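Read the structure below first, then the notes.
This one's a predicted model, so the numbers in the text were calculated from it and none came from an experiment.
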Amino acid sequence: MSQTNAIKPENASDDSPLKIGEIVLHSRLIVGTGKYKSFEETERALEASGTEMVTVALRRVDFGASDHLLNHIDPKKYVILPNTAGCYNAEEAVRVARLGREVNNSNLVKLEVLADPETLLPDPVETLKALQILVKEDFVVMTYTTDDPVMAKRLEEEGSTVVMPAGAPIGSGQGILNENNIRIILERAKVPIIVDAGVGTASDVTRAFELGCEAVLLNTGIAGAKDPIRMARAMRYAALAGRAAYLAGRIPKRLYASASSPVKDF
């Protein structure tokens with residue numbers, strides 16, 4: 001598998017690339033592959049999003065079928081990020097991560113250990129247990145968690161390469177519910193912070209970048225849109241705009257007006 005893809009013109013800028021372990025990404029949008037109406041639609045949405053990394057729920061891939069999802073993701077074009085979606089304890093998650101390593105020939109994994117199928121919120125205890133095992137086995141772990149700053153820091157200290165706080169519950173489309181928590185996580189982090197889950201539209205993506213997040217991962221926001229291809233394109237430009245705005249630095253908010261034109265009359 002190619003770990004470094006060529007720079008795509010619309011992702012190229014004066015921004016530094018995002019580094020995850022040995023992987024270098026110029027697009028800071030990571031896109032999921034679930035819920036599309038067809039594999040053809042999946043391919044078109046990935047292309048429109050400009051992403052260079054796509055995540056795949058291995059438990060939902062039917063490897064026995066004559067055609068399955070991985071046949072439609074070019075490993076020379078995209079970094080494949082196997083994830084442990086659908087796992088509800090550490091043992092399951094570690095087993096799926098090991099399967100991903102065999103299938104993908106890579107130690108990269110997105111760790112996701114859920115507490116229950118109704119909320120799809122992460123189980124912090126089981127997540128931590130799985131992370132400790134995977135780190136000992138030299139996995140590069142990108143860990144999904146809540147927006148709890150204490151848990152985020154603990155995951156970093158236990159060896160998570162990337163910490164991925166949820167903006168809101170998976171598939172809810174509510175955007176970032178607690179910006180203050182994300183800001184605290186960002187202030188304390190020494191590893192990349194990637195908002196994962198809850199993103200519903202382009203402005204949610206932009207806001208995550210304006211806060212300082214290194215990247216955004218989303219799936220339903222694109223796949224569930226009325227026009228997924230158009231939404232994928234919107235997410236792509238939202239990521240570029242949000243990141244550029246963060247790097248440019250917003251003006252301070254003021255209580256009173258400040259004239260745009262000089263006071264002095266020439």
Side-chain angles (χ1 to χ4, degrees), residues 1-5 15-32 51-58 75 78-85 87 90 92-114 122-167 181-182 184-197 208-209 211-219 239 243:
M1 181 188 73
S2 173
Q3 299 285 17
T4 305
N5 292 322
D15 193 3
S16 59
L18 171 61
K19 296 181 179 178
I20 300 174
E22 296 181 351
I23 297 169
V24 177
L25 301 172
H26 296 88
S27 167
R28 291 172 177 268
L29 201 63
I30 303 171
V31 178
T51 187
E52 293 173 303
M53 175 180 277
V54 298
T55 187
V56 175
L58 288 178
Y78 302 109
V79 175
I80 297 176
L81 171 62
N83 68 60
T84 62
C87 295
E92 283 183 337
V94 170
R95 180 169 54 79
V96 173
R98 289 168 179 161
L99 172 63
R101 180 165 55 186
E102 295 301 317
V103 171
N104 200 37
N105 192 30
S106 168
N107 281 356
L108 183 67
V109 66
K110 179 196 162 191
L111 175 61
E112 184 175 310
V113 187
L114 303 177
D123 183 321
V125 176
E126 293 297 311
T127 298
L128 202 55
K129 285 167 60 178
L131 173 64
Q132 290 166 340
I133 295 170
L134 294 174
V135 168
K136 286 181 181 176
E137 297 185 10
D138 294 326
F139 277 88
V140 175
V141 187
M142 301 169 66
T143 310
Y144 172 63
T145 181
T146 62
D147 60 3
D148 176 5
V150 176
M151 184 62 182
K153 193 63 182 175
R154 181 70 187 277
L155 293 171
E156 176 186 320
E157 292 169 348
E158 293 290 345
S160 186
T161 304
V162 172
V163 174
M164 308 178 77
N181 273 16
I182 298 296
I184 293 171
I185 290 171
L186 286 165
E187 286 181 4
R188 303 177 67 196
K190 295 179 181 177
V191 299
I193 300 298
I194 297 177
V195 160
D196 177 8
F209 282 104
L211 289 171
C213 294
E214 291 282 357
V216 171
L217 190 153
L218 74 160
N219 185 166
R243 178 67 178 174

Tell me if a side-chain donor or acceptor on R28 pairs with a main-chain N or O of E214 at a distance below 3.5 Å. yes
Under 4.5 Å between any side-chain heavy atoms of M142 and I20, yes or no? yes
If you round to the nearest 0.5 Å, how far is CG of L18 from CG of L25? 5.5 Å
Partners passing side-chain hydrogen bond (donor to acceptor under 3.5 Å, both in side chains) against N219 (at least two apart in sequence or in another chain): none
Evaluate V140 against L108 for side-chain contact (heavy atoms from CB on, under 4.5 Å), listing each step before the verdict. CA-CA 5 Å; V140 175; L108 183 67; 3.8 Å; yes
First locate atom CD of Q132, then atom CG of L155, and finally report the distance between them rounded to the nearest 0.5 Å. 9.5 Å
Residues in side-chain contact (heavy atoms from CB on, under 4.5 Å) contact with A85, at least two apart in sequence or another chain: A57, R60, N83, E112
Is it true that a side-chain atom of N107 and a backbone atom of D138 form a donor plus acceptor pair closer than 3.5 Å? yes
Atom CG of L81 and atom CE of M53: how far apart are they, to the nearest 0.5 Å? 5.5 Å
What are the two closest heavy atoms between V96 and C87, and how far apart are they? CG2-SG, 3.6 Å
So which heavy atom on F209 is nearest to which on R243, and how close? CB-N, 3.5 Å
Determine, stepwise, if the pair E92 / E126 fulfils side-chain contact (heavy atoms from CB on, under 4.5 Å). CA-CA 10 Å; E92 283 183 337; E126 293 297 311; over 6 Å; no
Between I30 and L218, is there a side-chain heavy-atom distance shorter than 4.5 Å? no
The criterion is side-chain hydrogen bond (donor to acceptor under 3.5 Å, both in side chains); which residues satisfy it with T145, sequence neighbours excluded? none
For T84, what residues pass the side-chain hydrogen bond (donor to acceptor under 3.5 Å, both in side chains) criterion, not counting sequence neighbours? none
Does the side chain of D196 reach to within under 4.5 Å of the side chain of P165, using non-hydrogen atoms? no
Sub-4.5 Å side-chain heavy-atom contact between T55 and L217: yes
Is any side-chain heavy atom of T143 less than 4.5 Å from a side-chain heavy atom of L131? yes
Considering only heavy atoms from C-beta outward, does the side chain of V162 approach that of P192 to under 4.5 Å? yes
Can you check whether G167's main-chain N or O pairs, donor with acceptor, with D147's side chain at less than 3.5 Å? no
D123 versus L114: any side-chain heavy-atom pair under 4.5 Å? no
Checking E52 side chain against Y78 main chain: does a donor-acceptor pair fall under 3.5 Å? no
What heavy-atom pair brings L29 and A239 nearest, and what distance separates the two atoms? CD1-CB, 4.2 Å
Compare all side-chain heavy atoms of C213 with those of I194 and state whether any distance is below 4.5 angstrom. no
Give, for atom OG1 of T161 and atom NZ of K19, the distance between the pair rounded to the nearest 0.5 Å. 14.5 Å
Correct closest heavy-atom pair for I182 and A166 would be CD1-O, 4.5 Å
List the residues meeting side-chain hydrogen bond (donor to acceptor under 3.5 Å, both in side chains) with R154, not counting sequence neighbours, and say none if there are none. E158
How close do P124 and M151 get, counting heavy atoms only, and between which atoms? O-CE, 3.3 Å
For the atom pair OG1 (T127) and OH (Y144), what is the distance rounded to the nearest 0.5 Å? 9.5 Å
side-chain contact (heavy atoms from CB on, under 4.5 Å) filter on K190, not counting sequence neighbours, yields K153, E156
State whether the side chain of D148 and the backbone N or O of V150 hold a donor-acceptor pair below 3.5 Å, judged by distance alone. yes
What pair of heavy atoms forms the shortest contact from L111 to A93, and how long is it? CD1-CB, 3.8 Å
